[in-house]
Amino acid sequence: MTIRSDRWIREMALEHGMIEPFEPGQVRMVEDRKVISYGTSSYGYDVRCAPSFKVFTNIHSAVVDPKAFDERSFVDIEGESCIVPPNSFALASTVEYFRIPRDVLTLCVGKSTYARCGIIVNVTPLEPEWEGHVTLEFSNTTNLPAKIYANEGVSQLVFIQADEACDTSYRDRGGKYQGQRGVTLPRP
């Protein structure tokens, strides 16, 4: 197995459409304004958060059940940022759409800027031949409100290429989150 470098990421994105839209370098400034960095890094790709959020709420006293998910568990927020209540969480999706190659497993790690504020980003692995917008979960582990910025970097994806392609990919299995667009809630 090999962790792939910036050169490989650029090639796969530009020649094979692995990441769209794609930023070939690190962006730290947009229109003379500092942003949390996004784009290609040495051994990964820093994704951006889209401006649509689902913030967890207990206003309807719904039960959080992954087999019978009640959409009333969330409040929809649109905007350039989102406030996550203390000890709560929000869902969002990446700006980028991904097409993972058959011999690659992709892992997500949080960015230190958010981690240092007590905000944890959780994403399950992107399996071989999965494609879609990545659904991101932001957990606010603090007892204070926390701010998430849209269209700025929120987490880094690391691409691990296997020595051989898998026998059965996510596409082969007909995975239930294949081709997801935007924030995607649990599907039984």
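Given the structure is predicted, the values throughout are model-derived calculations rather than measurements. Reckoned from all heavy atoms, side chains included, excluding hydrogens, waters and symmetry mates.
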Contact list for residues 83-94, test side-chain hydrogen bond (donor to acceptor under 3.5 Å, both in side chains), sequence neighbours left out: none

By salt bridge (charged side-chain N to carboxylate O under 4.0 Å, His left out) - contacts of D65 (at least two apart): none

W130 backbone acceptor or donor facing S169 side chain under 3.5 Å: no

Heavy-atom side-chain proximity of V27 to S37 below 4.5 angstrom: no

Exercise: identify the closest heavy-atom pair between Q178 and Y170: OE1-CD2, 3.5 Å

Sidechain N-carboxylate O distance under 4.0 Å for R171, E131: yes

ring-ring contact (aromatic ring centres under 6.0 Å, His included) contacts in which one or both residues fall within residues 19-43, not counting sequence neighbours: F22-Y45

Parallel, tilted or perpendicular, as decided by the 30° and 60° cut-offs, for the rings of Y97 and H133: perpendicular

Results of side chain to side chain donor-acceptor pair (under 3.5 Å) for E71 - residues two or more places apart only: none

Derivation of the salt bridge (Lys or Arg N to Asp or Glu O under 4.0 Å) call for R99 and E20: CA-CA 9 Å; R99 292 174 189 87; E20 291 181 303; 2.5 Å; yes

Closest non-hydrogen atom pair, I119 against A146: CD1-CB, 3.6 Å

Within 6.0 angstrom of E80 CD, more than 12 heavy atoms from elsewhere: yes

Hydrophobic cluster membership, I100 vs Y177, 4.5 Å side-chain cutoff: yes

Under 3.5 Å donor-acceptor, T141 side chain and G118 backbone: yes

Distance in Å, C108 SG paired with L136 CG, rounded so as to fall on 0.5 Å steps: 6.5 Å

Over all atoms of both residues, closest heavy-atom pair of M12 and P101: CE-CG, 3.5 Å

Shortest non-hydrogen contact between F89 and E137, atoms and distance: CB-OE2, 3.5 Å

Side-chain heavy atoms of L185 within contact of F74, under 4.5 Å: yes

Reported CD1-to-CG distance for the pair I83 and L144, which is rounded to 0.5 angstrom: 11.5 Å

Residues forming a side chain to side chain donor-acceptor pair (under 3.5 Å) with Q156, sequence neighbours excluded: S41, D46

Only pairs under 3.5 Å count here: list side-chain donor-acceptor contacts from residues 1-8, not counting sequence neighbours, and write none if there are none.
from: R4; atom 1: NH1; to: Q161; atom 2: OE1; distance (Å): 2.7
from: S5; atom 1: OG; to: R7; atom 2: N; distance (Å): 3.4

E152 (side chain) donor-acceptor with V35 (main chain) under 3.5 angstrom: no

Pairs satisfying ring-ring contact (aromatic ring centres under 6.0 Å, His included), at least one member in residues 99-118, at least two apart: none

Spacing of Y149 atom OH and C82 atom SG [to the nearest 0.5 Å]: 12.0 Å

Listed partners of D76 passing salt bridge (charged side-chain N to carboxylate O under 4.0 Å, His left out), at least two apart: K54

Given V47, L126, T184, the one that forms side-chain contact (heavy atoms from CB on, under 4.5 Å) with V134: L126

T113: partners by side chain to side chain donor-acceptor pair (under 3.5 Å), with sequence neighbours left out: none

Heavy-atom donor-acceptor pair, R48 side chain to V95 backbone, under 3.5 Å: no

Test log, rule side chain to side chain contact (heavy atoms under 4.5 Å, CB included), inputs E23 and T40: CA-CA 6 Å; E23 180 55 53; T40 307; 5.7 Å; no

Salt bridge (charged side-chain N to carboxylate O under 4.0 Å, His left out) partners of D103, counting only residues at least two apart: none

Minimal non-hydrogen separation, P66 against P186, with atom names: O-CB, 4.1 Å

Gap between atom CD1 of I9 and atom CD1 of I19 - 0.5 Å precision: 6.5 Å

Step-by-step side chain to side chain contact (heavy atoms under 4.5 Å, CB included) determination, M29 to K34: CA-CA 5 Å; M29 297 283 289; K34 284 185 179 181; 3.5 Å; yes

From CD1 (I120) to CG (N140), nearest 0.5 Å: 9.5 Å

Results of salt bridge (charged side-chain N to carboxylate O under 4.0 Å, His left out) for R116 - residues two or more places apart only: none

Closest non-hydrogen atom pair between C49 and A92, with its separation: SG-CB, 3.5 Å

K147 (side chain) donor-acceptor with S81 (main chain) under 3.5 angstrom: no

Min side-chain heavy-atom separation F53-I148 under 4.5 Å: yes

Donor-acceptor pair, side chain of K111 and main chain of V121, under 3.5 angstrom: no

Salt bridge (Lys or Arg N to Asp or Glu O under 4.0 Å) assessment of R102 paired with D172: CA-CA 10 Å; R102 188 175 185 93; D172 295 341; 2.6 Å; yes

Rounded distance [0.5 Å steps], CD in E11 versus CG in L14: 9.0 Å

Residue list, side chain to side chain donor-acceptor pair (under 3.5 Å) with S52, at least two apart or on another chain: E78

Residue pair F138 / L91, side-chain heavy-atom distance below 4.5 Å: no

